[in-house]
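Report on the following structure.
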Amino acid sequence: MAAAGRWILAFGVLLAGLSAAPAGQQATAAADDPVKVLVGRLDLERYKATIKELTQFGDRRQGTDRNRAAVDWIEAQLKSYGCLTARLAYVQPPPAPPAPPRAGGPPSPVIASGEIRAGQGGSRYYGVTRPTGVNNNPQAQPDVTLRTLNMEQGEPGPREQVYCTKIGATTPEEMYIVGAHMDGIGWGEAANDNASGTALVMEMARILSSPEVKTAQSIRFAFWNSEETGLTGARAYVEQRAGLQGRENPVGSGQYPEPWWLAMIQHDMMLWDHGMPRADGSFSPDQRPEADVNIEFQSNAKRADEAMKLAFFFRSANEKYASDYPAAVGSHMTNTDSTPFMDLVPSISLRENERGMHTGAGWNPHWHQPTDRFVTFSDKDFRLGLNAAQTTLGAIAQLAGATLEK
Ligand SMILES: [Zn+2]
């Protein structure tokens, strides 16, 4: 069966999920809903602890010893969860020359009424914007220990990234891919970008790898490397493995090293939703009460229609299973590891903000900055990431037909 046919079979689940009432209104949605039990195993303190442990490797810039140590550490945790690990090797090319500065100077921070200013991915900016960029200045990191840890910058060359797989009980030859990039930049701790997404996927791998959890299809948890330098790890995965889908190897073994891809779900920057910058360039110090998880698909992708349905299925899973924050759907997914997948398989990303309209307009002052540290974020920030985890776990557990053996 072609990959598209497999996906259409999964559509019945999607549409049924969209029409279902919230869990609280269903007479049968009691404690024996296995999805609810699994989502209940997510824990704020545990999520925070995993983020904190990732920050011990500084900004985890690709091509450095601290990045390799982080890959080793993630792999050791995945093994301890009982998740079957593997690595993918690829080569990081030399960086492209920096783009020439834009003519005409920086745009005004305040967008005039009626002015249409385009952002990335097909988005549009509104209101107040703020300049963005990557900190490359070591002296901007005031913490000497962290500055020293982040000193190595790396050279082009061979790289590795790790993934692990839960094998499906009835349809091992099909899988959902759940990803996050584990590398960072900017001379901080890459706590939000992207220990927050990495820890979310690790926690899901832990919960779903528990021996009493069975899923019909396989689920692969991917920890992309070199996202910050051209999505190199995710692109290499697509190039090397798209052609291997669905092949039983060895023949007759029942083993599928690369199951058919059913969907790709990426997680990148999950904590900070403090709203638009103020006209003077300052920010609200608090998570805004209206904070939400932003689920995006890309309307220009070949698989956009299916990705859109998948995005709304995730929104519905949020309504059923998330504890505090809602989810919103947008159509301008961009600049993330799901991009190389989006023409081949329905692909979405989950974020704290929309990548084009919000992040691109400077809504997160810690993005790629020395201040992207664990101590920068409050429990209300971390809780937004936890709600994204509840959303994805609730959706994937339904899609993959998760059950609990008693
Ligand atoms: Zn990121």
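Only heavy atoms go into these numbers, but all of them, side chains included; no hydrogens, no water, no symmetry mates. Start at 1 and go down the list; that is how both ligands and their atoms are numbered.
- For the Zn ion (ligand 1), the N/O/S atoms of Asp268 include one lying under 2.8 Å.
- Salt-bridge annotation for Arg235 and Glu239: absent, with no side-chain N of the basic residue lying under 4.0 Å from a carboxylate O of the acidic one.
- Between the side chains of Gln266 and Ser347, no donor N or O sits under 3.5 Å from an acceptor N or O.
- With a 4.5 Å cut-off on side-chain heavy atoms, Gln245 and Trp261 count as touching.
- Here Asp193 meets the criterion, with an N, O or S atom under 2.8 Å of the Zn ion (ligand 1).
- Distances from the Zn ion (ligand 1) to each N, O or S atom of His181 single out NE2 as the nearest.
- Checked for salt-bridge contact, Arg66 and Asp59 meet the test: a charged N lies under 4.0 Å from a carboxylate O.
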